[in-house]
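Scroll down for the structure; my scribbles are underneath it.
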Amino acid sequence: MAHRAASDPEVIGQTAGLIGFLKEVVKSSHQRLRDDRKARERVWLADLPGAVRQPTGRVDGVLLVLDHVPQTAPPPLPELLDGWVTAERCQDADGGDPPLASLGPRRELLQASDGREQWEEAADGTVRREDAAEVLRAYGPWLERWRRWAARERAERALRALYEQVYHWHQKLTQQDDQLELVLAVGLLTWSDPRGDTVHRHLLTHRVETSVERKTARLTVRLTAEGAVRLEDQAFLDTDDGWAPERSAALSEEITALSLHPLGTEALDQLAQWQERVLQRPVAFSAEWQPPRMPEVGARLTYAPAFVLRPRDRNALLGVYDKIADTVASEAYAPLGLAQLVLPLSAEERANWAPCDMPPLFGDDPLFPGKTNERQRSVLRRLENDSGVVVQGPPGTGKTHTIANLVSALLAQGQRVLVTSARDQALTVLRDKLPPAVRDLCVLLLSSARRDGASELERTISALTDQVAASDPEQLRDEIRRLSARRDEVRGRINTLTEQVIALREAEVYRHPEIAPGYSGTLAEIVQRVRDLEERHAWIGMVPDLGEASTRPPLAPAQAMELLSLLRDGAGEPRLGGVVPPPETLPSPDDLARTCASSRVNDTGLSVEAVSLRDELARLDARVTQELTALAAAGHTALHHIGLALSPNQGADEGGWTAKALSDRLARDNRMLWRRVSEVEGQLAAAFRQMDDLGTKRVILPEDLSAEHADTMLHTASALREHLASGGKLRSRGGFLAAKAQKAAREVLDTCTVSGHRPATIEDLDTVLVCLRAHSVVAAVAKRWDQAGAPIPEGPVELRLAALAEAYARLKHVDAFGEARERIDACLVHHGLHVTLTSRRAWQNFTSALAALSERRAADEAMARLAGWELQLRTPVDGPHSTGEALAAAQAKRWPQHRRSAGRSTGDP
C-alpha cells in the first residue's frame, strides 16, 4: 500500500471536506435570531441612574465604574416609641412617614438598682398621643433621621440594582466564559411587518469585559483590548429584507480598518453610511440614546447604546475556518493535525509527513525539572516515535506534571512550544507547575480577562526584552559551561553512589567463613550470635586497650606532705584513754560535707501554704508521692501542649477560651456545657474527612448561606440524589417533564456549581451534599462552642472547619489536664488528705510543694545518717569509753541538727 503524503490530492480534498463539514456544523448550531428582546439580558445606557457618569469614548476603554452600595438599615426606634410606631412601616422607604399611633402604652421613668434611669411600662394601660409629651418629643428627632435614611435609600436603590445586575453578569462570565459574552451594542434596527415578522437587533457590537477589585468590590466595565467593532447585519438580515451582502462586506472592512469606538462620532457616521448603502428600503435614522418603545411598521435605526449579555458569536469561528480552507487550497498542503482526523494514518506516515527530516524530540539526556514515574516516562518515549499521544486520566495522576516536564525539556533544546486549552484554568495551573526560570519565558493569553491576557503578553515581552538588552553573550556562555560541568559532576556522583549502594547490598548477603567456633555466616547472623551469648560470657569482662602503664602517683605532693606531718606527730601510734571507731566505718570528709549540706531545707520561693502542704505530703509513702508527681507531670505536659501556664497572676482575658476552660476544669464549673461540646466532635471529624476527600474540586454555594437555608437545600438535594439513583433523569430547565424532586431542588441546581459547572450527575450532587452537610455541621458545632464561651469566627466553611479542628485538638489537652487533676484529688482523698485544688493559686501551691518534696526527704535522710554517725562515735566498740576526739566529732555532728531546728523555729531556711 502506497504511503500517503501531505500533498496528495485525495488527502487535500478530504481535509478540505472536513473544514467544510465543521463550518456547516457551526452554522446549523447557530439559530438565527431577529428579535432579541426576550432572549437576551441588556442594560440601556439611556436608563443609567443619574449618579452614574454617562459612558464616553475614552481612550483607555473604560465604560463604567460602579462602587458597591451596601443596603443600610433604618434608624432604630427609641425605646420610648416602642408600641407607638410599627416596625413594618419603618422598613418601607416609599410608604411615607411612619405614623404615630393615636393610642400607645403608658411608660414611667424609673430608677434601676444600679442607679441608671430607664422607661418601664406602667400598669395602668394606655395613653392618648396628645397626652404623651415624652413620646412626641422623641418622635420628632427620630422622624428627621428616618426621612434622611429614606431619601438616601431611594437614591441608592437604582445604583444598587445596576451594580447587582452587572455583578451577576460578571459571575456568569467567570463561570461560562466559553459560552457567553458581554458586548456594547449600538445602532438598534427595528421594524414590524403586518405578517408578524419583527426585527429588533443592534448592528454594531464590541466585546467588553468586567473586573472586580477584591478589597473595595469596585466593578469596572471596559472594552476588550484585543477586540474590535463588528458589523453584525449578516447574522439576522437576508436579501428578502433589501439587504445587500456585497455592500455590507465592503462597509464591514472599512469599519474594521477604522478601529473606531462604539460611543464615538465615527460610529454614528458609519451607521448613517449603512442606512444609505446597505439596506435598500426606507429607514428613519435617529441619534438618540433612548430606544423606541416598540418596533414600528416602518424600519427605524436608532443609536440606542446598550450592554447586552448573549451567547458567543459564531462568525469569528467561521472566518477562521475560511482562512484555513484558503491556506490548504493555495499551498496544496494538508496539515497533519487535520489530516489524521479524517484518514487512518500509521505511525510511519505521521513521522514522515513533513517534507524535511525532523530532529529528535529529545537529546540523549533530556532536562526534566520534575520527578517522573514509569507511566510518565512511557508517554515521553512514545513522543520520540510519534507525532502525537493522547493521555487520559483522572485528576491528580500527573498529566499537567508530565506536560511541564515536556515543555521544559523542549525549551532547553531551543525549541518553541504552544499549549492550548478549552479553559483558562488549565493554562494557569500549567504555568504555575513550571520552574521559575522557565515560567518567565511564558506568554499567557487568556480569553476571559484583559489583565490576564494582553497585559500579561506586554509584561512578558518587556521582561524578555530587558533580559536580551542586559545580557552578555560571553557571560552566558561561561554560565552554560559552568552549569554543564556541574551537571556532569552531579551525574558522576550519582554513578559513584549507585556503585556504593550496590556494594553495600552485596556485603549484606556475603557469607563469611568461621572466624571462631560457632561464628560464621552473614554479618547480621554473627552479630546476632554475639548478642545471644552475651549473658553467658559476661564474666570475661572487657578486653583492656593496649598501651603503656600509667605513671601517675597515687598521691599528690600536697597530700604526701600532709601524711608525713601526721606520721611525725604520732598519728600512726596507738593511744590510751579511749577507743576510736575503725576508720573504714566512718564517713569521709566529702561524704560528711555533702550530708551536712543535704540536711538543710531551703523554703525560698515557697508560700506558707506550699510549705505546709509539702510537710503533709512528706508523711505519705514514697510510692504515693511518686504517683502524685507523675499525675502532676501529666498535667504540666497538657499545659505545655496548650502553651499556657496556670499562673495566679494571669489576667482574665489572657489565654482566651483555653484559659477559661482550664479554670472551669479546676473549679468543676460548666461541665455539662463542655460535655456537649465534646459530644459533637465525631460529627465534625466526619465532615472534615469528607471535605478533604473532595480534593481539588471547587464548589461554590450561595453567598451568606445560613444554617437553616443550608439544611433546606441539603434536604432537597438529598431527595434529588435519591431520584437520580433510582433511575430518574435531569430534565431541561422549565420542562414540564421535570420530576418533583428536581423542581424542589431547583435552587441547588441554579445557585451551586462544581468545578465551574452546575450539578448534572450523581457525583456532582454528592460533592454539593458534602459541602452543604459540612456547612450545617459547622454551624451546629460552632453554636455549642459559643454556648461554652468560645465563639468560632465567621468565614468560609473550610476555614471554620480548620478552626474547629484546632480548637478540639486544644480541648483534648484541656481534658487531659482535667483528668490528671481529678486523679490527683482522688489519690489525696484516698490517703486522708483533703486539699482544695479549685483555683490557680491552689494548683501552683500543690505543684510547688511536690517539687520541694524531694529536697525535704533528702534532708530527712541526711539527718538520719548524721544521727547514726553520732551514735557510732559516742558508743565505744572496744574499750571503756570513747576518745576525746570521738566525742568532739559527735558534738560537731549535732550542729546541723541544731541549726535545722533553729531554722524551723525562726523561719530561717
Side-chain angles (χ1 to χ4, degrees), residues 610 613 625-689 691-692 774 777-795 797-829 835-851 853:
L613 184 56
T625 56
Q626 288 176 0
E627 180 182 359
L628 292 174
T629 303
L631 292 173
H636 278 294
T637 301
L639 294 176
H640 170 73
H641 287 300
I642 297 174
L644 291 178
L646 286 180
S647 171
N649 299 324
Q650 189 177 29
D653 296 332
E654 296 180 23
W657 70 265
T658 311
K660 178 183 181 301
L662 289 172
S663 299
D664 288 347
R665 288 296 194 278
L666 278 175
R668 294 172 174 165
D669 292 335
N670 299 325
R671 286 188 288 185
M672 183 57 68
L673 288 178
W674 289 111
R675 186 180 297 113
R676 282 171 49 81
V677 170
S678 300
E679 287 173 353
V680 295
E681 182 182 3
Q683 301 178 23
L684 185 74
F688 196 93
R689 288 193 302 272
M691 289 291 292
D692 192 51
V777 169
V778 166
V781 174
K783 182 178 181 181
R784 294 202 177 185
W785 276 90
D786 187 68
Q787 292 171 349
I792 302 300
E794 294 292 335
V797 64
E798 294 85 356
L799 298 183
R800 300 195 81 193
L801 269 174
L804 284 170
E806 182 178 354
Y808 272 111
R810 295 176 70 84
L811 185 59
K812 287 183 179 179
H813 296 303
V814 173
D815 291 337
F817 172 80
E819 178 66 20
R821 177 247 183 275
E822 294 297 334
R823 293 181 62 186
I824 289 172
D825 188 75
C827 183
L828 291 173
V829 172
V835 181
T836 302
L837 295 177
T838 57
S839 66
R840 299 182 181 183
R841 184 171 297 279
W843 174 260
Q844 186 183 40
N845 289 335
F846 174 76
T847 54
S848 300
L850 274 180
L853 185 59

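In what follows, every heavy atom counts, from backbone to side chain, and hydrogens, waters and symmetry copies are set aside.
Atom NZ of Lys783 is separated from atom CZ of Arg676 by 8.5 Å, given to the nearest 0.5 angstrom. Considering CG of Asp825 and CG of Leu628, their distance stands at 10.5 Å, rounded to 0.5 Å. In this structure, the separation between CD1 on Ile792 and CD on Glu806 is 9.5 Å, given to the nearest 0.5 Å. For the atom pair Thr836 OG1 and Leu613 CG, the distance stands at 10.5 Å (nearest 0.5 Å).
Residues passing the salt bridge (Lys or Arg N to Asp or Glu O under 4.0 Å) test with Glu679 are Arg784, sequence neighbours excluded. In this structure, the side-chain contact (heavy atoms from CB on, under 4.5 Å) partners of Ala816, at least two apart in sequence or on a different chain, are Ala638. With sequence neighbours excluded, the residues that form a side-chain contact (heavy atoms from CB on, under 4.5 Å) with Leu631 are Glu627, Arg823, Ile824. Every residue two or more places apart in sequence or in another chain that forms a salt bridge (Lys or Arg N to Asp or Glu O under 4.0 Å) with Glu794 is listed here: Arg800. Scanning for salt bridge (Lys or Arg N to Asp or Glu O under 4.0 Å) contacts around Asp815 gives Arg665, with sequence neighbours left out. Applying the salt bridge (Lys or Arg N to Asp or Glu O under 4.0 Å) test to Glu822 and every residue at least two apart in sequence or in another chain returns Arg668.
Heavy atoms only, all atoms of each residue included: Asp786 and Pro791 are closest at OD1-CB, 3.4 Å. Across all non-hydrogen atoms, the minimal contact from Ala634 to Ala820 is CB-CB, 4.4 Å.
Here the side chains of Thr637 and Phe817 are not in contact, with every heavy-atom distance at 4.5 Å or above.
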